[in-house]
Amino acid sequence: MAYNDLREFISRLEREKELKRIGVEVDVDLEITEITDRVSKAEGPALLFEKPRSAIDGLVYPVPLLINTLGSRKRIELALQVSSLDDVARRIEDLLAMKPPEGLLDKVRMLPKVAELGSFFPKTVKSGPVKEVIQREDFSLARFPIMKCWPQDGGRFITWPMVVTRSPKNGRRNVGCYRMQVFDERTTGMHWQIHKGGAEHFRWLDRQGKGRRMDVAVAIGADPVTMLAGIMPLPEDLDEFLFAGFLRQKPVELVRCETVDLEVPANAEIVLEGYVDLDDIRAEGPFGDHTGFYSLQDNFPAFHLTCITRRKNPIYVSTIVGPPPMEDFWMGFAVERLFLPLMRQQMPEVVDMHMPAEGVFHNLIIVSIRKSYPGHARKVMNAIWGLPGAMFSKCIVVVDDDVNVHDVREVTWKAFNHIDPERDIQFVVGPVDQLEHASRLPNFGSKMGVDATRKWPSEGFTRPWPDEIIMNEETKKRVDEIWKGLGLDTSRRG
Ligand SMILES: Cc1cc2nc3c(=O)[nH]c(=O)nc-3n(C[C@H](O)[C@H](O)[C@H](O)COP(=O)(O)O)c2cc1C
Ligand SMILES: [Mn+2]
């Protein structure tokens, strides 16, 4: 059964010893980051800071702070209620198989078809816990333990919001996780990057020229799958709440907002209602980002609050990003596993893929393929650069299907052996992530593909290709038999 809200998930985590309550007073400025970072790096538990303290006045916030919620494989699996993420991937695959697409349907057209099958559409309900307190007049962000994450951050940031907007073009909903820098008690930044759903809606507002303001609702804290859906790079116009319903196998219940024409999860902890304005663009940042470096100050819309609704005793959910791996690595891992079947739908030759933590999602993607024709690896690279989620892949390494992409040592060993760099490395130019700091221009730069597959005569390689060294089974078996008597220890020495 799907979790009804964050609290049910917290109870489950406690039962599984995957959550630690911190009763000590801790500053929301930097201290929570330092503690969480150490725990993250050790793949430790989720942390519930019961007494987050303001660094300004030393007072303890009346709201506890939850962090590192999904920061391990186990907690991602607990959130999705599966014993392995491959189970979810299989569910997606099964659905795709049930409705064979006519011809080569691309991902964009395919996903709504998946959704069609389900009874997973979000359901609007009259009320819910998030309406326990409705503050139209006397509200302030100062009530919440909003963190300053890293020393050079430009301020305090809400780091895990579910930002809901509706497209001025077609009325479709989008939910994205875009950090929000607190400017004052009722104003924040809205850091939706240029390629993201929220930014696209904002551009349509401008294009249509009908008004200068766009409603925005921000939910903080909900059942874990809904929270996870907000960070998923879904095709444009596919509602994240619908996808969440599919993943949790139960529709997301929504309630109407008080002051804006939008709906938010009824089980949310806190909802901020408000608007962005085409005429109010402000400097946002810097912010210690998931690349492990600060993203520079840049211009983004300001978000003006018009109302806060919340539970009586809400839990504020935060996350930190920074030098990998952190909690977001595990969210990325979920994306990697769940999107593999979708990628395979378009590219059945793809066997597996992996994004190592050090590649901060898009800097390095390793793909194994069943190679069938000359230039096949190049075809796969180009296809990946055309996908909405993976278009930013700065370096794609394509290997043969006998390489385990999850074993970075094996990939490195085989890839470095198999490439003739001048021949096998290809550069392309195109859009890059807005956080990319090495490209010559913001948002526009180069990407690299490495064809690390075995080269074929039909690809112009006429020298013999050597076999990989593998001991024969007979010898292994014989040695197995005498192994104990040899008194040798092959466990790796520290
Ligand atoms: C912890 C975390 C923080 C994020 N912060 C931002 C952000 O500030 N701005 C942004 O554009 N994307 C951010 N992202 C990535 C987006 O949430 C992600 O690209 C998502 O797919 C966007 O949804 P959309 O495709 O509907 O726009 C963040 C992701 C995570 C996991
Ligand atoms: Mn989206």
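Each residue takes its place number in the sequence, starting with 1. These figures come from a predicted structure and were not determined experimentally. Every number for a ligand or one of its atoms is a count from 1 in the order of the listing.
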* To do: Using a cut-off of strictly less than 2.8 Å, determine whether Glu240 has an N/O/S atom near the Mn ion (ligand 2).
  => yes
* Do Glu269 and Arg7 meet the salt-bridge criterion of a basic N to acidic O distance under 4.0 Å? -> yes
* Short check: any N/O/S atom of Met232 below 2.8 Å from the Mn ion (ligand 2)? -> no
* Does the N or O separation between Thr319 and ligand 1 drop below 3.5 Å for any pair? -> no
* For atom 4 (C) of ligand 1, state which one of Cys177, Gly389, Gly198 supplies the nearest heavy atom. => Cys177
* With atom 30 (C) of ligand 1 as the reference point, say which of Val321, Thr165, Ile231 has the nearest heavy atom. => Ile231
* Asked: Taking the minimum heavy-atom distance to atom 15 (C) of ligand 1, which of Lys196, Glu200, Gln434 ranks first?
  -> Lys196
* **Salt bridge flag under 4.0 Å for residues Asp206 and Arg203** => no
* Asked: Strictly by modelled atom types, are Lys250 and Asn4 linked by a side-chain donor-acceptor pair under 3.5 Å?
  -> yes
* **Closest approach of any protein heavy atom to atom 11 (O) of ligand 1, naming residue and atom** => Gln193 N, 3.0 Å
* To the nearest 0.5 angstrom, please state how far the OG atom of Ser84 sits from the CD1 atom of Ile76. => 12.5 Å
* Asked: So is Tyr178 polar-close to ligand 1, meaning N/O to N/O under 3.5 Å?
  -> yes
* **Ion pair Glu236/Arg172, N-O distance below 4.0 Å** => no
